[in-house]
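The structure under discussion appears below in the form of structure tokens.
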Amino acid sequence: MTAHPNKLQRLRHGQALALQYAAQVLINSQREPQIIRRVLSGAQLAATNAVSTTALGCTYAARMLLPFVVELALKALIAKHNNDQEAWGHRLSKLYDKLPPNVQVELERDFEQIRRTEFPVETRTARRILADHDNDFPEWRYLDDPSELVSGSVDTLQYVACGVLNVYNSR
């Protein structure tokens, strides 16, 4: 992709931000069924298990979307510090490792503040969370075992995405 200087980083940042907001809507819809009831038509609500099926779909979509959001945000931050050159690949920890050390420190510091206030039960660093979710995007695209959706939380990736986007905006 040939891009005007700063175009690629702005594009990836905008994509990450827009998709992060969409992921938050999915998370909220899954947690608050009244949102689903407002969105579905009367005919859709009449279907058996419409609300629970939609909530499951919101969970699935959020789990598939959030690793991609983090990937785009990391690629924007990398491009910002790499003369707008695109980073390749999908592995979140490898993308994190391409950030300059001072940016990694800033990201960890920002994530720590978010973690302490929003998700205090979480003890992992941003880097550790990225490694734990390293391959989620390719793995979650096809849901072969829907029972996997009920375990774990997507909140950690949402908070890492916030941290990456905060660091992007602060520099």
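In this text the structure is predicted, and so the values were computed from the model without any measurement. When a residue number appears, it is its place in the shown sequence, counting from 1.
Annotation for Gly89 and Glu71: closest pair O-OE2, 3.6 Å, computed over non-hydrogen atoms. Scanning all heavy atoms of the two residues, the minimum distance from Ala62 to Pro67 falls at O-CD, 4.4 Å. The two residues Ala126 and Glu108 come nearest to each other via the heavy atoms N-OE1, 2.9 Å. Nearest heavy atoms, Ile35 versus Ser29: CG2-OG, 3.4 Å. Closest non-hydrogen pair, Val51 versus Pro33, comes out as CG1-CB, 3.8 Å. In plain terms, the two heavy atoms of Ala161 and Val70 that are nearest each other are CB-CG2, 3.9 Å.
To the nearest 0.5 angstrom, Leu72 atom CG is 11.5 Å from Gln20 atom CD. Distance check, rounded to the nearest 0.5 Å: OH of Tyr96 to CG of Leu74 gives 9.5 Å. Between the SG atom in Cys58 and the CG atom in Leu65 there is a gap of 11.5 Å [rounded to 0.5 Å]. Interatomic distance, CG of Leu26 versus CD of Gln158, reported as 10.0 Å (0.5 Å rounding). Rounded to the nearest 0.5 Å, atoms NE2 (His90) and CG (Leu95) are 9.0 Å apart. In this structure, Arg128 CZ and Ser93 OG are separated by 8.5 Å, a value rounded to the nearest 0.5 Å.
With respect to Arg91, the salt bridge (Lys or Arg N to Asp or Glu O under 4.0 Å) criterion is satisfied by exactly one of Asp134, Asp132, Asp97: Asp134.
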Would Gln30 and Tyr60 count as a side chain to side chain donor-acceptor pair (under 3.5 Å) if you check the C-alpha gap in whole Å, the side-chain angles of each, and the deciding distance to 0.1 Å?
-> CA-CA 10 Å; Gln30 180 269 327; Tyr60 174 43; over 6 Å; no
Carefully, step by step, assess Leu107 and Asn166 under the rule side chain to side chain contact (heavy atoms under 4.5 Å, CB included).
-> CA-CA 8 Å; Leu107 173 55; Asn166 287 348; over 6 Å; no
When you look at Thr156 and Phe119, which way does the side chain to side chain contact (heavy atoms under 4.5 Å, CB included) test go after all the steps?
-> CA-CA 8 Å; Thr156 54; Phe119 207 55; 3.4 Å; yes
Go through the steps for Val69 and Val164 under the test side chain to side chain contact (heavy atoms under 4.5 Å, CB included), then give the verdict.
-> CA-CA 10 Å; Val69 168; Val164 175; over 6 Å; no
Pair Glu106-Arg109, salt bridge (charged side-chain N to carboxylate O under 4.0 Å, His left out): steps then yes or no | CA-CA 5 Å; Glu106 187 177 347; Arg109 187 176 26 236; 5.5 Å; no
Where do Ile129 and Glu122 land on the side chain to side chain contact (heavy atoms under 4.5 Å, CB included) test, with the steps shown first?
-> CA-CA 10 Å; Ile129 291 168; Glu122 179 59 61; 4.1 Å; yes
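Checking Arg12 against Gln15 by side-chain atom types alone, a donor-acceptor pair falls below 3.5 Å. Between the side chains of Gln24 and Asn28, a donor-acceptor pair is found at a separation under 3.5 Å.
A 4.5 Å side-chain heavy-atom check between Phe111 and Thr125 finds every atom pair outside the cut-off. Side-chain contact between Leu157 and Asp136 is present, with at least one heavy-atom pair separated by less than 4.5 Å.
By the neighbour-count criterion of 12 heavy atoms within 6.0 Å, atom NZ of Lys98 is densely surrounded, having more than that number from other residues, nucleotides or ligands.
Residue Ile114 is grouped with residue Val160 when hydrophobic side chains (ILVMFWY) are merged at heavy-atom distances under 4.5 angstrom, including chains of intermediate members. When hydrophobic clusters are built by joining Ile, Leu, Val, Met, Phe, Trp and Tyr residues whose side-chain heavy atoms come closer than 4.5 Å, directly or via intermediates, Ile36 is not grouped with Ile27. Residues Leu99 and Leu165 are members of separate hydrophobic clusters, defined by side-chain heavy-atom contacts under 4.5 angstrom among Ile, Leu, Val, Met, Phe, Trp and Tyr.
Between Tyr168 and His13, the two ring planes are parallel [angle under 30°; tilted spans 30° to 60°].
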